[in-house]
Amino acid sequence: MKQENPSGRSSAALLWAFMRGAKRYFLISILAAAVTALADMIQPQIIRAAVDCAIGGKEGNFPDFVMDLVNRVGGFPYLGQHLWIMALAVVVVALFQVVSQYTFRVNNTKAAETLVKSMRDGLFSHIERLPFSWHMQNRTGDIIQRCTSDIETTKRFLSEQLTSIFRIIILLILSISFMLSMHPLLAGIALIPMPAIIVYSFYFHKRVYDGFLDCDENEGKLSAMAQENLTGVRVVRAFGQERAEIDKFQKQNDYYTSLWVRMGKVLSQFWSTSDMLSGAQVMLVVIFGAWFCVRGSLSEGEYIAFISYNSMLIWPIRQLGRMISEMSKAGVSIERVAYIMNSQAEQDDPDAFDAPMDGDIRFEHVNFGYENAPQMLHDITFTMKAGTTLGILGGTGSGKSTMMLLLDKLYLLEEGGGRITIGGTDIRKIRTEHLRRNIGMVLQEPFLFSRTIAENIGIVSPRLDMEAVRSAASAAALDESITSFAAGYETMVGERGVTLSGGQKQRAAIARTLTQNTPILIFDDSLSAVDTETDAKIRKAISQKFGKASVILISHRITTLSAADKILVLDRGRIVEEGTHDQLKQAGGIYQKIYEAQSGCQEVTA
């Protein structure tokens with residue numbers, strides 16, 4: 001997939017938009033995390049008061065509101081004789097911790113899952129509106145990977161890291177404040193390794209980011225490879241390419257694995273360095289704290305509290321390193337999601353309207369070429385009268401299907417590339433949804449969903465009744481085949497229609513198009529897999545049922561085109577012949593040669 005980020009919203013703005021509906025849950029979880037941090041701060045102070053004041057008999061050096069509360073219950077001497085009160089205080093604070101932690105977990109989970117739902121809905125909705133050309137440029141497997149793995153990575157960062165940032169800030173500020181109030185010198189010693197931890201964390205951020213970007217991109221390639229092979233499993237088996245495809249997959253998988261091994265080494269360096277610095281910091285506090293305690297500048301209770309606060313100080317500092325690591329992964333994932341969301345969706349002209357679709361179709365000096373490819377169509381000009389049948393004949397790559405994709409606005413004509421009109425209205429001025437609802441198209445490669453035959457035929461109109469479904473199937477000469485199945489119209493179609501023959505898939509796609517009853521019908525070589533007799537039945541049924549529709553038939557079979565009111569012959573993107581069947585079969589051109597070749601084949605076969 002292309003990695004250039006289209007212009008659009010920044011990753012942060014996009015993430016903020018996705019958080020709609022989840023913000024209140026994130027806010028509650030942040031407040032709960034802050035309460036948990038405050039409770040964590042209070043516990044060591046209760047233990048310090050019990051050791052130094054209630055048991056040791058020393059005077060308390062606590063804020064006034066704390067001393068007022070202690071004096072109301074009888075002072076520290078009374079508490080020393082009733083230590084259960086101090087124990088009860090520890091339990092009460094612990095209960096606050098339990099409630100706040102529960103509140104945090106519940107709301108954090110709600111926020112994360114709401115965010116994921118919003119991201120999935122938004123991505124799928126946007127992908128559905130992206131131009132056909134965008135889908136042709138981007139691999140399906142990589143798109144799926146961005147919509148699954150990258151969303152999960154973003155969710156983990158927000159739910160496990162970002163929501164804890166307020167708790168980390170509170171722990172840092174309060175723990176350092178309490179440590180400074182108890183023993184400024186020891187607090188200074190405890191803070192010595194902190195700048196080094198922060199600096200090397202940011203140093204590793206770039207390396208981790210680049211590493212995760214490589215891993216994510218190659219996971220997308222691996223997903224695309226698996227998706228393509230599973231989809232095309234019959235082709236792989238038919239040509240005996242199992243070994244070759246396995247080797248390709250294993251080669252990509254080996255490279256992908258090596259990237260993660262390399263990332264593991266980088267992360268191992270990161271965490272081992274962090275552990276070493278954190279261990280050295282704890283060692284310094286324990287050694288110097290014990291020394292100050294022996295010298296009498298630090299009480300026993302303060303020493304115990306200091307060790308507790310130092311543990312709380314180390315945790316957020318180490319969490320900062322983990323957050324930077326996860327931020328690198330999330331940054332890559334959000335940018336990959338932003339690539340999709342910032343890709344330009346199909347848009348109509350501001351003055352587009354629902355024009356009548358039953359008029360003449362006209363191509364005027366149409367020139368077109370796909371991106372980064374030579375020009376496909378050269379000065380295509382013709383008029384198709386409304387209600388008539390137009391046949392198009394041409395070799396592979398002559399531009400037949402391209403003309404129909406342009407008519408349906410699946411690709412857009414560049415400025416200066418000519419114009420296409422329906423009833424005199426440029427299709428650029430016709431609202432795209434209206435245009436496509438009035439053009440029934442059977443593509444060259446019919447696609448069926450993993451649903452029942454009835455659902456596949458009636459998919460364009462969910463309210464279609466069974467009678468209309470059977471009528472369309474009959475017109476496509478498919479009804480008899482369907483009724484021969486044990487489950488009839490309720491027969492499940494395998495993925496991409498693998499349970500049906502090629503001809504049955506084409507006829508099912510034709511039936512699906514015929515349910516629309518559109519004024520324009522396009523059959524893009526969609527009768528190639530059916531025999532000549534069935535071909536004639538389908539064309540006759542279409543003529544009887546949709547006699548007033550404008551029908552475009554693209555085919556390599558002369559018998560399919562022979563009844564058309566006009567036939568175009570394309571060669572290398574140009575119209576080289578134009579006329580009726582009777583005119584062209586005697587014109588001495590490409591059409592006559594194909595006609596004679598096919599007629600000769602039929603005679604020999606007969």
Side-chain angles (χ1 to χ4, degrees), residues 1-23 25-26 108-109 111-127 130 134 138-165 201-202 204-227 252-253 255-264 266-267 270 319-343:
M1 177 178 281
K2 295 171 67 176
Q3 293 304 318
E4 300 85 359
N5 256 332
S7 60
R9 290 174 290 182
S10 67
S11 297
L14 186 63
L15 195 58
W16 183 253
F18 277 136
M19 288 178 67
R20 183 178 60 255
K23 293 173 186 174
Y25 297 123
F26 275 122
N108 195 40
T109 301
E113 295 307 323
T114 302
L115 171 68
V116 167
K117 182 182 183 303
S118 176
M119 291 184 74
R120 286 176 181 158
D121 288 345
L123 269 172
F124 187 80
S125 176
H126 189 71
I127 288 171
L130 288 174
W134 185 91
N138 297 284
R139 302 175 72 176
T140 303
D142 194 59
I143 296 172
I144 293 173
Q145 196 260 343
R146 294 179 190 233
C147 295
T148 52
S149 177
D150 287 322
I151 286 179
E152 285 298 315
T153 300
T154 303
K155 181 193 83 169
R156 283 197 302 271
F157 171 68
L158 288 174
S159 62
E160 297 175 12
Q161 306 298 328
L162 198 59
T163 53
S164 300
I165 192 168
S201 293
F202 281 100
F204 272 96
H205 171 70
K206 175 62 176 172
R207 295 180 63 188
V208 172
Y209 178 90
D210 292 340
F212 277 119
L213 179 60
D214 282 344
C215 290
D216 240 13
E217 288 178 352
N218 281 277
E219 183 182 354
K221 292 178 182 178
L222 199 66
S223 299
M225 191 176 292
Q227 180 265 333
Q252 176 62 30
N253 198 22
Y255 180 65
Y256 175 59
T257 302
S258 70
L259 290 177
W260 273 111
V261 171
R262 192 185 309 164
M263 272 301 302
V266 173
L267 291 174
F270 178 65
Q319 190 71 4
L320 176 64
R322 181 176 294 276
M323 184 177 294
I324 290 173
S325 171
E326 293 297 321
M327 186 186 299
S328 299
K329 291 194 288 185
V332 171
S333 295
I334 293 170
E335 284 186 8
R336 284 167 56 80
V337 170
Y339 168 81
I340 296 177
M341 294 302 298
N342 287 333
S343 295

4.5 Å side-chain heavy-atom contact, [X] and [Y]:
X: Asp142; Y: Lys221; result: no
X: Glu217; Y: Arg336; result: yes
X: Tyr339; Y: Ile143; result: no
X: Val337; Y: Leu123; result: yes
X: Cys147; Y: Ile127; result: yes

### Query
What pairs with Lys117 under side-chain hydrogen bond (donor to acceptor under 3.5 Å, both in side chains), at least two apart in sequence or on another chain?
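Applying side-chain hydrogen bond (donor to acceptor under 3.5 Å, both in side chains) to Lys117 gives Asp121.
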
### Message
So, using side-chain hydrogen bond (donor to acceptor under 3.5 Å, both in side chains) as the criterion, who are the partners of Trp260 when residues are at least two apart?
### Response
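Tyr256.
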
Between [atom1] on residue [X] and [atom2] on residue [Y], distance to nearest 0.5 Å:
X: Leu158; Y: Phe26; atom1: CG; atom2: CZ; value: 5.0 Å
X: Ile340; Y: His126; atom1: CD1; atom2: NE2; value: 8.5 Å
X: Asn108; Y: Glu113; atom1: CG; atom2: CD; value: 10.0 Å
X: Arg139; Y: Gln145; atom1: CZ; atom2: CD; value: 12.0 Å

### Task
State, to 0.1 Å, how close Ala338 and Leu14 come at their nearest heavy-atom pair, and which atoms those are.
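Looks like CA-CD2, 3.5 Å.
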
### Message
Keeping Ser118 on the side-chain end and Phe18 on the backbone end, is there a donor-acceptor pair under 3.5 Å?
### Response
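Yes: the side chain of Ser118 pairs with the backbone of Phe18.
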
### Message
Quick check against the 3.5 Å criterion: does Thr148 have a side-chain atom that pairs as donor or acceptor with the backbone of Ile144?
### Response
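Such a contact is found between Thr148 side chain and Ile144 backbone.
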
### Any residue meeting salt bridge (charged side-chain N to carboxylate O under 4.0 Å, His left out) with Asp214, in chain and number order, not counting sequence neighbours
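Partners of Asp214 by the salt bridge (charged side-chain N to carboxylate O under 4.0 Å, His left out) criterion come out as none, since no residue qualifies.
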
#### Entry: Residues Glu335, Arg146; criterion salt bridge (Lys or Arg N to Asp or Glu O under 4.0 Å); working and verdict
CA-CA 10 Å; Glu335 284 186 8; Arg146 294 179 190 233; over 6 Å; no

